[in-house]
Amino acid sequence: MVEGEKVTQEYVRLPGAGLELEGILHLPKEEGPLPAVVVCHPHPLYGGDMHNNVVLAICHALVEASIIAFRFNFRGVGTSEGSFSEGIGEQEDVKAALAFLSTVSKVDLDKIGLAGYSFGAKVALPVALQNEQVKAVALVSPLLSTSDWEQLKDYVKPKLFLCGSNDDFVSSQKVQRLASGLPEPNQCEVIPGADHFWWGYEGRIAPKVAAFFGATLKA
């Protein structure tokens, strides 16, 4: 456990679908119950894990906004058991992370959000679509397929899309166009100059994610 001025960080082991995952829980000092957000990391086969720069920045911004943040390693990453499962088994990992939050006494079970970056956004989305527990979703550099966007057409919960103008993997113009056709509440913003990895831009996007969840989960 690491004590900070405004936050406590707790390393945890949580049960997944027949395997055990590792994660870190960020608890603000304020008394609960508090809103909480699960944050999903980018592609594990390309170095993505829960220590990623974007994931860390989002978690820190959330706790600054008095929101509990939980980041975890997908199966096969770090000391999480199992192996890469093409984004399918990883959906079960997201469900396990959400289930874990329900066991944390400080969490307000009516105010839970889900965030994902890149591969993490693609894995988080189908869980958000199916899980009534998730009240809002934030997708950063979302690597979404045509069918993913189609499913979002009926999703009326609050959603945030963030993309960099110089992203070589996700077309910011396409994200803007497709997001504009989705039902409200719906926010989409392109950050000029940022690429897919967001180095140097973490301080621009993390507060936007925290503000989004602050407005939607605390309302």
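From Leu139, atom CG reaches atom CG of Leu162 across 9.0 Å, with rounding to the nearest 0.5 Å. Distance CG/Leu144 to CD/Glu150: 12.0 Å, rounded to 0.5 Å. Atoms OG and CD, on Ser165 and Gln173 in that order, are 8.5 Å from each other to the nearest 0.5 Å. Taking CG of Leu45 as the reference point, atom CZ of Phe119 lies at 7.5 Å (rounded to 0.5 Å). Put simply, CD1 on Ile191 and CG on Asp167 are 12.0 Å apart, with the number rounded to the nearest 0.5 Å. Atom OG of Ser102 and atom CD of Gln133 lie 6.0 Å apart (nearest 0.5 Å).
In terms of modelled atom types and a separation under 3.5 Å, the side chain of Asp148 and the main chain of Gln151 share no donor-acceptor contact. For the pair Lys111 (side chain) and Ile67 (backbone), a donor-acceptor distance under 3.5 Å is absent. Within the 3.5 Å criterion, the main-chain N or O of Gly87 finds a donor-acceptor partner in the side chain of Glu90. The backbone N or O of Phe74 lies less than 3.5 Å from a partner atom in the side chain of His41, making a donor-acceptor pair. Side chain of Asn186 to backbone of Ala179: a donor-acceptor contact under 3.5 angstrom is found. With hydrogens and angles disregarded, a donor-acceptor distance shorter than 3.5 Å links the side chain of Lys159 to the backbone of Pro183.
Using a 4.5 Å cut-off on side-chain heavy atoms (C-beta onward), Val77 and Met50 make no contact. The side-chain heavy atoms of Leu25 and Arg71, taken from C-beta on, include no pair separated by under 4.5 Å. A heavy-atom distance below 4.5 Å is found between the side chains of Leu98 and Ile112. Contact of the Ser141 side chain with the Trp198 side chain is registered, since non-hydrogen atoms from C-beta on lie closer than 4.5 Å. Residues Phe70 and Val107 are not in side-chain contact: their nearest non-hydrogen atoms beyond the backbone lie 4.5 Å or more apart.
The environment of Lys153 atom NZ is sparse: at most 12 non-hydrogen atoms of other residues, nucleotides or ligands sit within 6.0 angstrom.
Relative ring orientation between Phe169 and Phe197 is described as perpendicular, the plane-to-plane angle rising above 60° on a 0-90° scale split at 30° and 60°. Using bins of under 30°, 30° to 60° and over 60° for the plane-to-plane angle, the ring pair Tyr117/His196 lands in the tilted bin.
The pair Lys135-Asp110 fails the salt-bridge criterion, with no side-chain N (NZ, NE, NH1 or NH2) lying under 4.0 Å from an Asp/Glu carboxylate O. Between Lys157 and Glu132 there is a salt bridge, since a side-chain N of the basic residue sits under 4.0 Å from a carboxylate O of the acidic one.
Under the side-chain contact (heavy atoms from CB on, under 4.5 Å) rule, Val209 has a single partner from Ile58, Val37, Val39, Val54, which is Ile58.
Within the structure, side chain to side chain donor-acceptor pair (under 3.5 Å) pairs that include any residue of residues 72-89 comprise Tyr11-Thr79, Arg13-Thr79, Glu22-Asn73, Glu22-Thr79, Arg75-Asp93 (at least two apart or interchain). Counting only residues at least two apart or on different chains, no ring pair (Phe, Tyr, Trp, His ring centres under 6.0 Å) pair has a member in residues 199-219.
A chain of hydrophobic side-chain contacts below 4.5 Å, direct or via other Ile, Leu, Val, Met, Phe, Trp or Tyr residues, connects Tyr155 to Leu125. Leu56 and Phe72 fall into different hydrophobic clusters, where Ile, Leu, Val, Met, Phe, Trp and Tyr residues are linked whenever their side-chain heavy atoms come under 4.5 Å apart, directly or through other members.
Of all non-hydrogen atoms in Lys208 and Leu160, the two that sit nearest each other are O-CD2, 4.0 Å.
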